[in-house]
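Structure first, commentary second.
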Amino acid sequence: MIWRTLHVALALLACLAAPAMAGTVYVTTSNEEVGHAWLFGSRSGASRTCWLAVPRHVVLSFDGKSLLPLRFKTSSGAWGESGPPVAVADIAGAREAAVDEDLAFAPVLVGPQPGECLDRLGLPPFAYDAALNRRDPLFVFSLLPSSFGNFEVSVEAGMTGDGGRLRLGAVEATDSATYFKKGLSGSVAALARSSGTDPFAMILNVKDGQALALRFDRIRAAFALVEAVALAADRQQLSATTGIPFSITAFDGITRGEGPAAVFATADGCWRAAPEGGKRGVSVVVSPEDGALRGLSVVQAPGCGAAPLDVIVDQRPRGASGWSMATRCTTVVVAAEIAACRLDLRSARELRVTVVTKSETGISALRLY
């Protein structure tokens, strides 16, 4: 009993000491449903968005036809709000990856900002069997006002299920009566380690003194598919509006007035430059935030350059020294929905965009698709 009490105390301290931008949060929805969710950070370098993993039934509307955005409260007392959740059943392959359809993911819109949430979606798959074989203790942190606290659970013998779902029971009989109630859905059974705690399984529902939980390696596999669809949608929206973000790593040209960094950040600027002696034109080297690119447009708005001028686009893997030509095209007066310079690049690349000219010219914008 003393050893078990020590385990619970250490786990509670680990939960309270964990950064507020990751971990179990208390959630409510507009239809007054309450529960828990797991706040975590995207692993994608193209996003870094904060997300919530939550049981689907917690955010399901009264009529069962839609999923509701949720409000959440961290253990430090800070409130946030999500965008519309995405059910794993609505994404190809995600339901199979999760082995359960009672799971959804919601992007955070209000609260922690991109990059502020820790990347914590559980252990690698092989670690689960090891922990189960050792019968390592698991701890659940409930944020329900009526049963706030930390308690120990165990995986019921012979109930490891299909490799994704686990049947959990409270170690102490009194904890079962105290904590296993409506609103515990979405809370997380965590594995306590010397370095802190790792999410092990998310509780989906509670019934007859037991909890059905989903392993986090399954949650992580499902999220990878959900996020891929979300990133593709974000990318399509960027392409249709402002274009894919990029950074300028170098430029070549005798500049008059502002350089390309200041000009490309505005809607009405004009980078005026002439080629240095013996060179074929003026150029910029850019590093897109998104690895996949369908194309780009070099814009010379009226009063800034004289479109069409020839454009040569070279590419290379990031960090490489040599360039290879990707395409040739021309400048345009205005950026349309379709790229003027077609590309088919599917991994991280640097681009060198050269406007061919023998004299001074102007470039008003560079847009990536």
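Bear in mind that the values here come from a model prediction, so they are computed numbers and not experimental data.
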Let me confirm one number: the [atom1]-[atom2] distance from [X] to [Y], rounded to the nearest 0.5 Å.
X    : Y    : atom1 : atom2 : result
D310 : C329 : CG    : SG    : 8.5 Å
L191 : R134 : CG    : CZ    : 7.5 Å
L52  : H36  : CG    : NE2   : 13.0 Å
D314 : S283 : CG    : OG    : 9.0 Å
S82  : R71  : OG    : CZ    : 10.0 Å
F105 : W51  : CZ    : CH2   : 8.5 Å

Kindly check if the number of other-residue, nucleotide or ligand heavy atoms within 6.0 Å of CD1 (I338) is above 12?
->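 No.
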
NZ of K181: more than 12 outside heavy atoms within 6.0 angstrom?
->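 Yes - once you tally the heavy atoms of other residues, nucleotides and ligands closer than 6.0 Å, there are more than 12.
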
Closest approach of [X] and [Y], non-hydrogen atoms and distance?
X    : Y    : value
S147 : S142 : O-OG, 2.9 Å
R95  : D100 : NH1-N, 3.2 Å
F40  : A53  : CE2-N, 3.7 Å
R218 : L214 : CB-CD1, 4.1 Å
R349 : P317 : CD-N, 3.6 Å
G281 : P275 : O-CB, 3.5 Å

So do [Y] and [X] actually touch side chain to side chain, heavy atoms under 4.5 Å?
X    : Y    : result
L103 : R56  : no
T331 : V299 : no
L39  : P112 : yes
R167 : L212 : yes
Q315 : L343 : no
S347 : R318 : no
F139 : T197 : no
L70  : V58  : no

Exercise: do S66 and S61 side chains pair donor with acceptor under 3.5 Å |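 Result is yes, a qualifying pair exists.
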
Please check if any side-chain donor atom of T255 sits under 3.5 Å from a side-chain acceptor atom of W271, or the reverse.
->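 Looking only at side-chain atoms, W271 and T255 do form a donor-acceptor pair, the distance falling under 3.5 Å.
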
When you look at R272 and E360, which way does the side chain to side chain contact (heavy atoms under 4.5 Å, CB included) test go after all the steps?
-> CA-CA 7 Å; R272 299 187 182 279; E360 181 181 285; 4.1 Å; yes

Side chain to side chain contact (heavy atoms under 4.5 Å, CB included) between K73 and L143, worked out = CA-CA 9 Å; K73 189 176 185 180; L143 291 170; over 6 Å; no

Who are the salt bridge (Lys or Arg N to Asp or Glu O under 4.0 Å) partners of D175, not counting sequence neighbours?
-> none

Taking the six-membered ring where the residue is Trp, are the ring centres of F141 and F151 under 6.0 Å apart?
->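 Ring centroids of F141 and F151 are no less than 6.0 Å from each other.
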
Going hydrophobic residue to hydrophobic residue with side-chain gaps under 4.5 angstrom, can you get from [X] over to [Y]?
X    : Y    : value
V355 : I312 : no
V284 : V356 : no
L68  : V34  : no
L345 : V313 : yes

Yes or no on side chain to side chain contact (heavy atoms under 4.5 Å, CB included) for L144 and Y179, after CA distance, side-chain angles and deciding distance?
-> CA-CA 9 Å; L144 289 174; Y179 296 106; over 6 Å; no

Taking it one step at a time, do E33 and V59 satisfy side chain to side chain contact (heavy atoms under 4.5 Å, CB included)?
-> CA-CA 7 Å; E33 189 74 28; V59 292; over 6 Å; no

salt_bridge(D344, R342) N-O dist < 4.0 Å = no

Below 4.0 angstrom, N of the basic side chain to O of the carboxylate: do E227 and R220 qualify?
->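 Salt bridge between E227 and R220, a charged N being under 4.0 Å from a carboxylate O: no.
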
Parallel, tilted or perpendicular: rings of W38 and F216 (30°, 60°) | perpendicular

Can I get a per-line list of side-chain donor-acceptor pairs under 3.5 Å for residues 199-207, giving both atom names and the distance, sequence neighbours left out?
none

